[in-house]
Amino acid sequence: MNCAFLKDSWQLIREYWCSEEKGQAWGLTAVIVTLNLAHVYLLVLFNIWYNRFYNALQNLDKEEFSSALGEFSILAAIFIIVAVYELYLQQKLEIKWRRWLTKKYLVNWLQNQTYYRLLLVDNNTDNPDQRISEDLQLFTNYTLRLSMGLLKAIATLAAFVAILWQLSGILTIPFGSMQVDISGYMVWVAIFYAVIGTWLTHKIGKPLIKINFDQQRYEADFRFSLVRLRENCESIAFYSGESREEKLFLGRFACVVDNFRKFMKRQKQLTWFTSGYGQIAIIFPVLVAAPRYFAKEMQLGGLLQTMSAFGKVQDALSFFVDSYPLLAEWKSVVERLTGFVRNMHKVGELSGIGAKVEMTEAQQLVVSGLSVCLPGGRPLLSNLSLSLSSGESLLVAGPSGSGKSTLLRTLAGLWPYAQGTMAVPQKKDFLFLPQKSYLPLGTLREVLLYPGSKRQVTDEEIGAAMALCKLDWLRGNLNRLEDWSHVLSLGEQQRIAFARALIQKPKWLFMDEATSAMDEPAERAFYTLLRERLPGTVIISVGHRGTLTCHHKKKLTIDGNGCWNVLNL
């Protein structure tokens, strides 16, 4: 783990403990740390108890044996209480931290259309939904488990090194005509054993970091492809595309399986070593302490106390050996989250390179010297100048791929690859009607009022708008909860969009192929309806049909190579 990674990890961790919830965070952390230290202190008391209890057995001392059992009952009861609240409060801190992080990441992802702009940036931000829903959960869980585990290991080491040093005595080793005395020799043996184990574990397990990173990505890609089928099931059914989708699913799942096989092989190698390491650690302290026991320098209780102390020191020093798989997963999660954060920052920087936009109170849009290009630099529109006032309408026409929809994105402030100046009315007065309207999950009322009305809207107003848009048959379903994008046809969804416009009464209405699923008489009726009901609204339409021309006062024709022309109709 290099310095850059540690810096990124610390930045992710420290935010919550410096936030508006820092009082609760630090309070809970202090209690959890106290419980962890109490846990270690109880282990020390148990270690001392071993000596007393087993010496009583060896000496056939019934009175001492009974007293030791009573002491054990008290220690065990306290240990259980500490263990329960140690886990409970750690989980409480975890969910509070995750809730705060989730809110923060959601806000950053949604603000300034970052979720949309991420699609325009060439980056490796695959499946941002997974990073918010799953990676944040893993990050908080793993970070607390590892940090509290490390704290406990350090405290255990500090407590039991002194005990083990005292119990080890002095080991005398003949060296020629001399003798070498080693004080606390079992401490040095435990350190040597753990250092070798940690080094070998790192050498064997290091590839798991990248394997875990890839596994999370492949799993998310596979899950996303399944969700895509559910969202587009009707289109796929019309195409009879089941075999093609099956091939896609199996191809993505093959990546999951192949990478998991790599994980299995590497995990097997690591488990061979860690299992052997753990099993040897059981008998190793007995072998090291046996000479002093057989020399009658300690009793059975002292031997077992020494074994226990050696085991605790070795466990503490072997923290990284035991936690390596978890550390590998944690590192991959941190890398995914820091990559996500970096790309969101990159998107934020993109927002400053587009056209200069001045938000105005005046009901007029003025574009001056606007040039729009693709991310690669190819120009779509050069030096456009245009103005629209209240009640006017503009049709944007041109061949497919010429940049008509991209111009709408630019006017909405979504497209960063633009230069020029725009004086734009407040976006609170904007409403966009795309070719396929977004219908959120919820009741039909919530769908019609999406994204939210600036005023209180009555059911009578909603019903009147639905009647005008030929949606009378749905009026009794305002409180019905459905996935309306699957219930309604594309034509009905476009009628829903027009009903939204009539209900919300925007001053600026942008329509991108908003009548493509309607026949020409229906299209004419809906444009006439807009002019009658929203006389002061500026309408900007994108479309290919020649029948749209008669519904607009101006027409902007673009060719996709930078040239443009505006005609008054």
Side-chain angles (χ1 to χ4, degrees), residues 1-2 5-6 9 36 39 43 83 87 90-91 94 130 134-135 137-154 156-157 160 186 189-223 253-288 307-337:
M1 296 185 185
N2 55 35
F5 172 78
L6 293 175
S9 304
N36 270 271
H39 184 117
L43 293 179
L87 176 62
Q90 186 169 313
Q91 290 176 333
E94 178 186 335
Q130 183 208 23
E134 183 177 329
D135 286 347
Q137 183 269 325
L138 294 176
F139 172 70
T140 53
N141 179 268
Y142 291 172
T143 302
L144 287 174
R145 284 169 62 186
L146 288 169
S147 59
M148 293 305 163
L150 180 60
L151 170 68
K152 191 174 291 183
I154 293 172
T156 300
L157 181 63
F160 281 92
M186 292 195 70
V189 171
I191 292 173
F192 177 78
Y193 186 76
V195 168
I196 294 298
T198 301
W199 180 75
L200 288 174
T201 300
H202 178 66
K203 294 292 288 185
I204 297 169
K206 187 176 180 181
L208 281 173
I209 295 170
K210 184 178 185 306
I211 293 172
N212 276 312
F213 184 96
D214 291 339
Q215 189 69 24
Q216 291 177 30
R217 179 163 60 90
Y218 293 141
E219 294 279 6
D221 288 343
F222 177 60
R223 184 170 60 247
F253 189 66
C255 293
V256 173
V257 173
D258 291 343
N259 196 72
F260 191 74
R261 286 199 177 109
K262 295 179 185 177
F263 175 82
M264 289 165 54
K265 291 177 182 178
R266 183 57 58 170
Q267 186 72 43
K268 181 177 72 172
Q269 295 174 15
L270 185 61
T271 305
W272 271 114
F273 175 74
T274 54
S275 296
Y277 179 87
Q279 290 302 308
I280 293 172
I282 296 173
I283 197 67
F284 192 65
V286 180
L287 297 176
V288 177
M307 288 175 56
S308 173
F310 184 94
K312 297 304 179 187
V313 170
Q314 188 266 328
D315 286 346
L317 290 170
S318 302
F319 171 76
F320 290 103
V321 174
D322 299 332
S323 303
Y324 202 89
L326 190 62
L327 275 168
E329 291 186 42
W330 178 75
K331 188 173 188 295
S332 67
V333 168
V334 170
E335 287 176 345
R336 288 174 63 80
L337 288 175

| When the ring planes of Phe253 and Phe222 are compared, do they come out parallel, tilted or perpendicular, using 30° and 60° as the limits? | tilted
| request: To the nearest 0.5 angstrom, please state how far the CD atom of Glu335 sits from the CH2 atom of Trp330. | output: 10.0 Å
| task | Measure the spacing between CG of Asn36 and CD1 of Ile154 and express it to the nearest 0.5 Å. | result | 11.5 Å
| query | When rounded to the nearest 0.5 angstrom, what distance separates CG in Asp135 from CZ in Arg336? | reply | 4.5 Å
| request: Could you tell me the separation between the CG atom of Leu138 and the CG atom of Leu326, rounded to the nearest 0.5 Å? | output: 9.5 Å
| Sub-4.5 Å side-chain heavy-atom contact between Phe160 and Leu43 | yes
| field | Partner of Asn141 under side chain to side chain contact (heavy atoms under 4.5 Å, CB included), chosen from Gln91, Glu94, Gln90 | value | Glu94
| Within-4.5 Å side-chain heavy-atom neighbours: Val334 and Lys331 | no
| said: Looking at Lys210 and Asp214, is any side-chain nitrogen of the basic one under 4.0 Å from a carboxylate oxygen of the acidic one? | reply: yes
| request: Of all the heavy-atom pairs spanning Ala316 and Ala153, show the shortest one and how long it is. | output: CB-O, 3.2 Å
| message | Does either side chain, that of Asn212 or that of Glu329, offer a donor lying less than 3.5 Å from an acceptor on the other one? | response | no
| Do Lys265 and Lys262 have side chains that get closer than 4.5 Å, going by heavy atoms? | no
| task | Output yes when Glu134 and Arg223 qualify as a salt bridge under the 4.0 Å nitrogen-oxygen rule, no when they do not. | result | yes
| said: Using every non-hydrogen atom in the two residues, find where Arg266 and Ile211 come nearest and quote the distance to one decimal. | reply: CB-CD1, 4.3 Å
| message | Could you measure the distance from the CG atom of Leu200 to the CG atom of Leu270? Nearest 0.5 Å is fine. | response | 11.0 Å
| note | Between the NZ atom in Lys152 and the CZ atom in Phe319, the distance rounded to the nearest 0.5 Å is 10.5 Å
